[in-house]
Visitor: 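Let me begin by handing over the structure; questions about it come next.
For clarity, every value in this text was computed on a predicted model and none was experimentally measured. Each chain gets a letter, A, B and so on, in the order its sequence line appears, and its residues count up from 1. All values below come from the heavy atoms of this structure, side chains included, with hydrogens, waters and symmetry mates left out.
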Amino acid sequence: MSCYALVDCNNFYASCERVFQPALTGRPVVVLSNNDGCIIARSDEAKALGIPMGAPLHEYAPLLKRQKVAVFSSNYALYGDISARVMDQLTFFTPDVEVYSIDEAFLGLDGFTPAMLPDHMRQLRRSIRQWTGIPVSVGVAPTKTLAKLANRIAKKYTSDGVYVMDDPELMTRILGDIEVEDIWGISKRWGARLRRMGIGTALQLRQASPRQIRQALSVVGERIVHELNGRSCLALEEIQPRKTIMSSRSFGTMISNRSDLEEAVASYTARAAEKLRRQRSRAGGIYVFIRTNRFRQQDPQYSNAAMVGMDEATSDTAKLIRAAMGALRHLWRAGYRYHKAGVMLTDLVDDHGDQASLFQTHLYTRGRDMAAERKTSDRRMAALDQINAAMGQGTLFHATEGLTPGGHHHREKRRHNLPKAERWRMRAQFKSPAYTTRWSDLVRVR
DNA sequence: TCTGGGGTCCTAGGACCC
DNA sequence: TCTGGGGTCCTAGGACCC
């Protein structure tokens, strides 16, 4: 039987700020997003005041003032540093650590005797508190999904912040009280879909037919069913280099000037390139997007993006910026007030492996795709030619402009006289008359 | 006036090939 | 209006996460 723990830092950013200002203990604390726009972390006291996650600051400013809430701008350098210390402590307790996010880690506990787990985990919690000042909660269970739930229980109902899920009968009772939306991997939208199927609690989902859930929520949903039943489908994963690297910001004030926009995109590209080099990768492509403020309904709206393929994968900031500027030349339109822009580095390759042959394939298929585009859309072709002519560096092979949802729909309707759901059903029937699930389908292999 | 910034995985469908 | 079947590769879009 497998065994996992989820270690989760309580109200992480707020706790980090408190480490350096112990006087804030017992007082409500919130931390703000980049431009001080949203509230992205809250201490327990702040949550008790009814301040929701992601709330716009301007809506809650009066309440914060009235309640004397301590308000911080975010300090990611600090949070990253404290996070590293917390994760470092974990390795003293087990070598099997998967850092899942800045404030969470899964532990593999297969070698431990069940009887000693609670004490061991309490000790882990104490030592993290002692060495970093950060309070954590620990949930232990046979699968990652159950460990996530165990962690919730540890946070909400225990005094020592540790909960080990080992009593099957008690577990059944607990799952009956958990809403489906509180399960890891089930959000509002999927929750609503499940409720329409008569599934509202974790217990009901556990008892549901894996096949039916797969039809509704894909293999991802089916995995959750198995995981709730104690069959582990999600293994501990190794840390690996990122597959994409993003850098984006909304501007403090809106930008109409083209050179200001260029400056912003260039600096985002530089920042992304730094991250790229830090993980020893090179980028084969760069995606650039710009947009107006979607909240200002009264303003004319514009949003566009383009993707540039580099001639050769690179981590050279200057080259990447030239490519980004080429994309931007195409994207920019006068007369709009821009509010946000960003770049994403894609097609990342390792600095060590045999990336050369891998990249050859990409170049080849891209050429083929361009030929295909010519067939399907004259409009897109004209755009592509225009852009490619304008670009000195790299080859642009995709532009979102000209690809309208309407166009998709139109083609779709012409080609198929059956609705999508019906086609899908027929196809599924035809392909697999007898439903079987291979374990290899369920277990995610990286 | 103000409303975040990152990531990952899965599936359907199109293009292409034989 | 109909117009094979099997396979691969790729992309867009839709989900989800913190």
Visitor: Taking all non-hydrogen atoms of both residues, which atom of A14(A) and which atom of V29(A) are closest, and how far apart?
Guide: CB-CG1, 4.1 Å
Visitor: Any donor and acceptor pair, going by atom type alone, linking the side chain of S218(A) with main-chain N or O of R214(A) inside 3.5 Å?
Guide: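 Absent.
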Visitor: Which is true for L32(A) with a 4.0 Å heavy-atom rule: it touches a base, it touches only sugar-phosphate, or it touches nothing?
Guide: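 Answer is nothing: L32(A) stays at 4.0 Å or more from every strand.
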Visitor: In this structure, which one of R333(A), R337(A), Q301(A) forms a side chain to side chain contact (heavy atoms under 4.5 Å, CB included) with T292(A)?
Guide: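 It is Q301(A); the other options fail the test.
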Visitor: If you look at every strand shown and take non-hydrogen atoms under 4.0 Å, does R296(A) touch a base, only sugar-phosphate, or nothing?
Guide: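 Here R296(A) touches the backbone only, sparing every base.
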Visitor: Could you check whether L217(A) gets within reach of a base, just the sugar-phosphate, or nothing at all, counting any heavy atom under 4.0 Å?
Guide: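 Touches nothing.
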Visitor: Is the backbone N or O of S256(A) less than 3.5 Å from a side-chain atom of D260(A), with the two atoms forming a donor-acceptor pair by type?
Guide: no
Visitor: Could you measure between the two P atoms, the one in dT1(B) and the one in dC17(C), and give it in whole Å?
Guide: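 It works out to 35 Å between them.
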Visitor: Can you tell me which stems DNA chain B forms, taking runs of 3 or more consecutive Watson-Crick or G-U pairs with both distances under 3.5 Å?
Guide: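 Listed by first number, the stems are B:5-18 with C:5-18.
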Visitor: Toward the 5' end of DNA chain B, which comes first, M344(A) or E59(A), by nearest nucleotide?
Guide: E59(A)
Visitor: When all nucleic acid strands are considered with a 4.0 Å heavy-atom cut-off, which category describes D103(A): base, sugar-phosphate, or nothing?
Guide: sugar-phosphate
Visitor: Where the side chain of S33(A) is defined as all heavy atoms beyond and including C-beta, which of dT3(B), dG4(B), dC18(C) is the nearest nucleotide?
Guide: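 For S33(A), the side-chain atoms sit closest to dG4(B).
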Visitor: Can you check the distance between dT3(B) and dC16(C), where both ends of the measurement are the C1' atom (answer in whole Å)?
Guide: 22 Å
Visitor: Between E181(A) and R195(A), does any side-chain N to carboxylate O distance fall below 4.0 Å?
Guide: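 Yes.
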Visitor: Test ring-ring contact (aromatic ring centres under 6.0 Å, His included) on F106(A) and Y4(A) and set out the steps.
Guide: CA-CA 7 Å; F106(A) 285 103; Y4(A) 296 93; 7.1 Å; no
Visitor: So that I know where these two stand, are W184(A) and Y100(A) an aromatic pair - ring centroids less than 6.0 Å apart?
Guide: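 Distance test on ring centres: under 6.0 Å, yes.
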Visitor: Identify, between S218(A) and S247(A), the residue whose nearest nucleotide on DNA chain B lies closer to the 5' end.
Guide: S247(A)
Visitor: Think S248(A) has a side-chain N or O under 4.0 angstrom from the OP1 or OP2 of dG4(B)?
Guide: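 False: S248(A) side-chain N/O out of range (4.0 Å or more) of dG4(B) OP1/OP2.
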Visitor: Contact class for S74(A) (heavy atom, under 4.0 Å): base, sugar-phosphate, or nothing?
Guide: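 Result for S74(A) = nothing.
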